[in-house]
There are 4 protein chains.
Amino acid sequence: MQVNNVETLFKKTLRESDLSAKQQAVLQVSLNLFAEQGFDRTSTSEIAKAAGVSEGTVFKQFKTKEGILKAIVAPVLDHVAPMVASEFFDELKNNNLGDLRSFMQYAIQDRMTFAIENRQQIKVFVQEVIREPKLIVTLSTKLQTVMNGQIGAVLQQFKDRGELVDWSNMRIIQYMVGILGSYVVPQVFFAPTADFDAAKASQEAVEVLLHGLTPVK
Amino acid sequence: MQVNNVETLFKKTLRESDLSAKQQAVLQVSLNLFAEQGFDRTSTSEIAKAAGVSEGTVFKQFKTKEGILKAIVAPVLDHVAPMVASEFFDELKNNNLGDLRSFMQYAIQDRMTFAIENRQQIKVFVQEVIREPKLIVTLSTKLQTVMNGQIGAVLQQFKDRGELVDWSNMRIIQYMVGILGSYVVPQVFFAPTADFDAAKASQEAVEVLLHGLTPVK
Amino acid sequence: MQVNNVETLFKKTLRESDLSAKQQAVLQVSLNLFAEQGFDRTSTSEIAKAAGVSEGTVFKQFKTKEGILKAIVAPVLDHVAPMVASEFFDELKNNNLGDLRSFMQYAIQDRMTFAIENRQQIKVFVQEVIREPKLIVTLSTKLQTVMNGQIGAVLQQFKDRGELVDWSNMRIIQYMVGILGSYVVPQVFFAPTADFDAAKASQEAVEVLLHGLTPVK
Amino acid sequence: MQVNNVETLFKKTLRESDLSAKQQAVLQVSLNLFAEQGFDRTSTSEIAKAAGVSEGTVFKQFKTKEGILKAIVAPVLDHVAPMVASEFFDELKNNNLGDLRSFMQYAIQDRMTFAIENRQQIKVFVQEVIREPKLIVTLSTKLQTVMNGQIGAVLQQFKDRGELVDWSNMRIIQYMVGILGSYVVPQVFFAPTADFDAAKASQEAVEVLLHGLTPVK
DNA sequence: AATGAATGAGGCTTCATTCAT
DNA sequence: GATGAATGAAGCCTCATTCAT
């Protein structure tokens, strides 16, 4: 299992942008500072200092503090998120996951690890989405596509074999996300406990999920 | 089903405090303003104006802006939350919910409605908990007590009758919260859709829950 | 001839306002600084320092830098200008100016001295009017009233006696202002020469005016 | 009557300078921007954008923002103004204006139209002169020369014929400028009314002037 | 207890200017 | 000659907090 790292992918995306090295630094440190302290509690002078850049430079490119946030969110939505998604689906395919249990096992542990390892970045995004509900539209469109496409095919296959209840994909995924969330949200948003055992947690989550998603004959 | 209203209970608690009418007003409008705009984006002068009070008055009692927040959070934790909890359990008892389905039906719809109706207040609290992780300790202690006490008894009863899987209470509740969350979180934190149908959503959630929590013969 | 002093009248008006001593100081020094350096070249920190006040104080009351300017212009328009006008007309009456020459002599020298002595303040106003053409409306309304009222009566009297050409008051006054301006504008806006001789200049202006305003028999 | 256009003459002067096309563009748009918004309210980046030029280019040649202004004012004073003056005098001569009335008629209407049509440019200059009183010296020297030269001759001719009062040229011109100003200043600096009728205004001004400048027999 | 004027630190942003390419 | 990223000083303004009344 090779979990993707948002920060790395973000840096890669930046490198391919036409931003100067300094501007890239601004976005990089901003992402981290916003994650640590929140958008409102991070000052632009703090960003400038952390990026080793004058305060003027911060505004030359991004115009406003809001602009910095948008310059982070946009490429993540446009480039990083698709990369994360496709990597995830490729892994699913390449690991030849024959039965529902193997599938769940892999998917849940992978995504759980992903969430834990990228919790800082996830925090920034969730906070931004709360602040700017318009993003929901973009996000849910993307999600819809993915669900009807790649995931849909996989789930259908299990439904056909009678391993998976015959609910709508939307409902099944909401179910999986709900359970995953019950393990992940406390770690990401509240108390990140050092001794969190992703393997054990995901095993437990999978058990619950299989119990709930197996058709009653 | 008579869902409790946090704002009303909060006001009631304030009235029983030894705060002057003006100080009470400060806390009341602060709760609303924090919910609408967030703590950082709400200024003390805004609070003063909305409360019909001078700026000095705001600080006379609460010393700092943080102090206002604490003066809101504390009574909620100490009085409102317990009231909400005990009202909830009383209802559960009084409605004589014989089987697991009835119990789930009632509990889920009740809490879902509660979350939707008090979403502003819930937002303040969740945001505050994210900001100040120390609160987690207090909260989880309280939760632990409740779970081992009142809820524990109810769940045990269903387990004994073979209607409920024999998992730990903690796990069952996490499961329920996860499912509930998958319906409620989007409504509370992201896009509060006007046409959200709590009755239908809770019915669906209950179905999922029963499917997953019924022991496999 | 007792020429009125705008700065003094402005201070008096301020004293009767409900502004605190510090706020009054802000307006007073602002008037002077704006006159000396212009609105754009005067910084708010400069104003604060000159008024012996913190920068916050400046904004507490006047909200914006523009607000300071408006807080100066408004009372001048509403109180100082009317006082200046009525003092001027009272003097005209009390000096019992029988013939046109005496009238002109008095009026021109009085207004010329007024302009020279208050040139700083006049500069602020003219600049402000150029910046904010809306003020023109207010000003011209006031002017219209005065012209049709007090001045009109005086001029009519000279017309009746055949001492003054039978032109419209508007035209006569424009004429007088034009001539006066040709002496005063250079002094007020360009090069205030120390050796400007108001007595001589006004005498010359009067001569020109009489020449041009006496009916050709 | 073919009134000269300052902007056109300025462009022509620029074309004959050794400035590159881009540098010329900088000066051209600066003149317009300064006129519209004033020197202080126009930023160098605004100039660069409007001129379709990089910010560096603006400073490469003109060193400072002040430098841009000087690079505008100097050629106007050295080339445009003389061209305007000589064109004006040529017209006066070529139109064979026999009597004082014809002369006045032509001169006043011509200059009034000139002022109205070039009001933007005049504003820049007047504002600059207010800002930088040193220019007055240069200007008044030039003016002196012109007055004692070309205009002096013309006026003398009318004096000789007894059509014009025997005042000093300076005084007569100040008189004419005063009257002209009373019509032109409101249009240029305050409220440029669309329905301003230059023909009618100049006729009225001439009437006043003749009345005042004709010797009393 | 309540007021509201006053504070000054700090926030975001603009701007003229420089300099490596 | 031209570019445009980078600078950092300074500008306007906000804010939490204090204090005399």
Side-chain angles (χ1 to χ4, degrees), chain A residues 18-23 25-26 40-48 51-68, chain B residues 18-23 26 40-49 51-68, chain C residues 18-23 25-26 40-48 51-68, chain D residues 18-23 26 40-49 51-68:
Chain A
D18 52 357
L19 291 171
S20 73
K22 301 221 171 192
Q23 310 286 4
V26 168
D40 289 314
R41 299 172 107 73
T42 303
S43 77
T44 52
S45 80
E46 212 173 345
I47 291 171
V53 145
S54 84
E55 208 167 344
T57 300
V58 172
F59 284 91
K60 184 79 178 194
Q61 191 67 224
F62 305 113
K63 307 303 184 213
T64 66
K65 194 185 170 190
E66 230 7 81
I68 302 172
Chain B
D18 52 358
L19 291 170
S20 73
K22 301 221 169 194
Q23 314 282 12
V26 169
D40 289 313
R41 298 171 111 71
T42 303
S43 75
T44 52
S45 81
E46 212 175 345
I47 292 171
K49 202 177 297 169
V53 146
S54 79
E55 294 195 51
T57 301
V58 172
F59 284 88
K60 188 73 176 191
Q61 188 68 222
F62 306 112
K63 307 303 183 213
T64 67
K65 194 184 168 189
E66 276 292 321
I68 300 172
Chain C
D18 51 358
L19 291 171
S20 72
K22 301 219 172 196
Q23 311 286 6
V26 168
D40 289 313
R41 299 173 106 73
T42 303
S43 76
T44 52
S45 80
E46 212 174 343
I47 292 170
V53 146
S54 83
E55 207 167 343
T57 301
V58 172
F59 285 92
K60 185 78 179 192
Q61 191 67 225
F62 305 111
K63 307 304 182 212
T64 65
K65 194 185 168 190
E66 226 11 79
I68 302 172
Chain D
D18 51 357
L19 291 171
S20 72
K22 301 222 170 192
Q23 313 284 11
V26 168
D40 290 312
R41 298 170 111 75
T42 302
S43 75
T44 52
S45 80
E46 211 175 346
I47 292 171
K49 203 177 296 168
V53 145
S54 80
E55 292 195 51
T57 300
V58 172
F59 285 88
K60 189 75 174 192
Q61 188 67 222
F62 306 111
K63 307 303 182 218
T64 68
K65 194 184 170 189
E66 276 293 319
I68 301 171

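Lettering follows sequence order; numbering is per chain, from 1. Keep in mind that the numbers below use all heavy atoms, side chains included, and drop hydrogens, waters and symmetry copies.
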Most 5' of B/Gly52 and C/Lys22 on DNA chain E, judged by nearest nucleotide: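 First, find each residue's nearest nucleotide; the 5'-ward one identifies B/Gly52.
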
Salt bridge (Lys or Arg N to Asp or Glu O under 4.0 Å) against C/Glu66, all qualifying residues, sequence neighbours excluded: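 Once residues adjacent in sequence are excluded, the partners of C/Glu66 under the salt bridge (Lys or Arg N to Asp or Glu O under 4.0 Å) criterion are C/Arg131.
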
Qualifying residues under salt bridge (Lys or Arg N to Asp or Glu O under 4.0 Å), relative to D/Glu55, sequence neighbours excluded: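 Residues passing salt bridge (Lys or Arg N to Asp or Glu O under 4.0 Å) with D/Glu55: A/Lys60.
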
Test of understanding: with side chain to side chain donor-acceptor pair (under 3.5 Å), list the residues that count as partners of [X], not counting sequence neighbours.
X       : result
B/Gln61 : none
A/Ser45 : A/Ser43
B/Thr64 : none

Phosphate-side-chain proximity, C/Ser54 and E/dT7, N/O vs OP1/OP2 below 4.0 Å: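 Yes, C/Ser54 has a side-chain N/O under 4.0 Å of OP1/OP2 on E/dT7.
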
Nearest-Å distance for atom pair [atom1]/[atom2], residues [X] and [N]:
X       : N      : atom1 : atom2 : value
C/Asp40 : E/dA16 : CG    : C1'   : 15 Å
D/Lys65 : E/dT14 : NZ    : C1'   : 11 Å
A/Glu66 : E/dG11 : CD    : C1'   : 15 Å
C/Gln23 : E/dG4  : CD    : P     : 14 Å

Chain D footprint on DNA chain F, 5' to 3' - any atom under 4.0 Å from a heavy atom: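 Result: F/dG1 to F/dG4.
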
Approximate separation, where rounding is to 0.5 Å, of A/Ile47 CD1 and A/Ile68 CD1: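 A/Ile47 CD1 to A/Ile68 CD1: 4.0 Å, rounded to 0.5 Å.
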
Nearest-0.5 Å distance that lies between atom CG in C/Leu19 and atom CZ in C/Phe62: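 Here the rounded value is 5.0 Å.
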
Results of side chain to side chain contact (heavy atoms under 4.5 Å, CB included) for B/Thr44 - residues two or more places apart only: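 Partners of B/Thr44 by the side chain to side chain contact (heavy atoms under 4.5 Å, CB included) criterion, ordered by chain and then number, come out as B/Phe59, B/Lys65.
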
Those residues that, when tested against A/Ser20, pass side chain to side chain contact (heavy atoms under 4.5 Å, CB included) (two or more places apart):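 So A/Ser20 forms a side chain to side chain contact (heavy atoms under 4.5 Å, CB included) with A/Lys22, A/Gln23.
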
Sugar-phosphate, base or nothing in reach of D/Thr44, heavy atoms under 4.0 Å: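 D/Thr44: base contact, heavy atoms under 4.0 Å.
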
Canonical and wobble pairing (Watson-Crick, G-U, under 3.5 Å) of DNA chain E, dot-bracket with |: .||||||||||||||||||||

DNA chain F: 5'-proximal contact among D/Ser20 and B/Ser45 (nearest heavy atom):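 Nearer the 5' end of the strand: D/Ser20.
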
Stretch residues 55-64 of chain C: residues that reach within less than 4.0 Å of DNA chain E through a heavy atom: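 By residue number: C/Gly56, C/Thr57, C/Lys60.
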
